[in-house]
Amino acid sequence: MTANEIRAKYLSFFQSTPRNHVLIPSAPLVPENDPTTLFNSAGMQPLIPYLLGQPHPQGKRLTNSQKSFRSQDIEEVGDNRHMTFFEMLGNWSLGDYFKKEQLPWIYEFLTKELGLDAKRIYVSVFSGNENVAKDEESIAIWKHLGIPEDHIFSYDAKKNWWSRSGTPEKMNAGEPGGPDSEIFYDFGEELHLHEQSPYKNEKCHPNCDCGRFLEIGNSVFMQYKKLADGSLEELPQRNVDFGGGLERLNAAVNNTRDVFTTDSFSAIITIISKATKKEYGKDEEETRAMRIIADHMRGAVMMIADGVYPSNKQQGYVLRRLIRRSMLYAKKLGVWGDWGFVKSLVAPVAMQYKSAYPSVLEQQEKIETVLVDEAGRFGKTVEKGLKEIEKMETVDGKQAFLLYETYGFPWELTEEIAVSKGQKINREEFEEAFKKHQALSRTASVGMFKGGLADHSVETTKLHTATHLLHASLRKVLGTHIGQKGSNITVERLRFDFSHPEKITPEQLMEIERLVNAAISENLEVTMKEMNKEESLTSGALGFFVEKYGDRVKVYTVGDPNGAYFSREICGGPHVSFTGELGHFTIDKEESAGAGIRRIYGHLEKSNENNATVTASLSSK
Ligand code: SER
């Protein structure tokens, strides 16, 4: 059975009677209305408002396959089962059915539809705590389904409580969560007892790290909400949130513990294997490198297909990391300088998702161009750094940091080359230099966030507010990949640099200008609130130099701070009080400011001119 077949079977099983779920599309990898996180990392994420009680337009029973990305797992990739990008098969009851339907249905799907061996299935349930009782109901249901008692385990909240933030203590106020019941597939005790297994003298169980069990599904009984006082409140509705990793199900169905040997990865692994002339599975380190390249490039392709571009911030930074790590692991396997290699990894991913996510194939050329450009840039960076290293007699941690700062030369590569020159460099020295640099730029940024402004005159203050309006309008017209790269304001004009891969068309420029002027003519209020950094990001504020801020930041909102505001940004100010003070805004010029970066110059009509002209001239351009 292939991944595509498993996905199709699951979705039709949950759509069919008596389950009657409605199929909803996968949300994009980058969340649309959730500034608290960079990526959708579980199928429930876009459904949070509905799990909390808002009625979903499609009803109370939903199913889908959600494209998911877990950046926290980047370093874990390389073993047989960790991935950054994966698909999560999901079904939800929004205050409809509960445990006695969910557990038998999912069991039926696994054993009858997928034909998994019932004897190899193990399950776990929540063992209870001071607030929530042990999940005896699930235990009774599993037993009734024929799962033997010694295949049912109970664990505490660390293992059998699910919320986006983890255990009940870690949940944020307003967040939903609940006890869960996980399903595992057994790959045999010999893995635990193997002479090289560090666990061989301990008792094995489904959450043992020996590799014997693979988790293939999780039914969360989402019935609690965390309150601001730290307690848990029962939600008005009892929800089910099931998620099962498609790639892991594929591994179980095909009786392999290694997700990279299933058809989810076989085409990309074959190409990597040919290009590097390495055999998958032969050498442990080489196999690890091949898995990392396959995982990261698959993730990179899916991210670009969903509108992410490589950059130094937020999602773009994660994408850049994926590409760079893939290239460095390819270098380890002997492939370097051939960006055709990077390009050749797009087609297998596009073909894999031809029917499930056709937009990947449709954008194949664009994805290839973005990857080849980025690879070329990084390639040059590495070459420059290599030349510098050649000139050095010895490399210490501080010099390694300089190479990093000047050329973006990664620590791992510097370390590798120093090692090959017969010396070891000190990672602590590197990190110390890195921390000093961060502290310095934080101090520098206090000045910077006083404005990036030449002065605090009325004119520059107005232009500063206009910059926020421009930034928000760019994102509305061109997309949320737009991120600030720089800003410079004089009394005469504003200059704004931002990430965007191509020239902006005259029509787009007109629309951007129109939006700015519409916000001006609405005379929106500009309000400021001080908050801590985390709070500010949760509030939806854009903050593109976040690592440079101190702990308390100012957040400026243009428009209704409690409703659909026009713009919200972390910023030092100052700003005008109402947008009507600005006068008419004109874009004077749009040009390139480096690879993947565009620059806009604009000005406001001089003060003392009658603001009434603003509205009249709105569509004059
Ligand atoms: N949200 C749960 C998980 O990610 C089940 O879908 O495991």
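Each ligand, and each atom within it, is numbered from 1 in the order the structure gives. If you read the sequence from its start, that first residue is 1, and numbering goes on from there.
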- [ ] Enter the distance from Phe221:CZ to Ser181:OG here, rounded to the nearest 0.5 Å.
- [x] 5.5 Å
TODO: Run through ligand 1 for me and note each protein residue having a heavy atom under 4.0 Å from it, chain first, then residue number.
DONE: Ala42, Met44, Arg70, Met88, Trp162, Asn218, Val220, Asp241, Phe242, Gly243
Task: Pairs meeting criterion side-chain hydrogen bond (donor to acceptor under 3.5 Å, both in side chains) with involvement of residues 200-211, two or more places apart - done: Tyr155-His205
Task: Which residues share a salt bridge (charged side-chain N to carboxylate O under 4.0 Å, His left out) with Arg320, sequence neighbours left out - done: Glu374
- [ ] Apply salt bridge (charged side-chain N to carboxylate O under 4.0 Å, His left out) to Glu87 and list each qualifying residue two or more places apart in sequence or on a separate chain.
- [x] Arg7
Open item on the list: Between Ser93 and Asn239, is there a side-chain donor-acceptor contact under 3.5 Å, judged purely by atom types and distance?
Closed with: no
Task: Cationic N near anionic O, under 4.0 Å, Asp79 to Arg288 - done: no
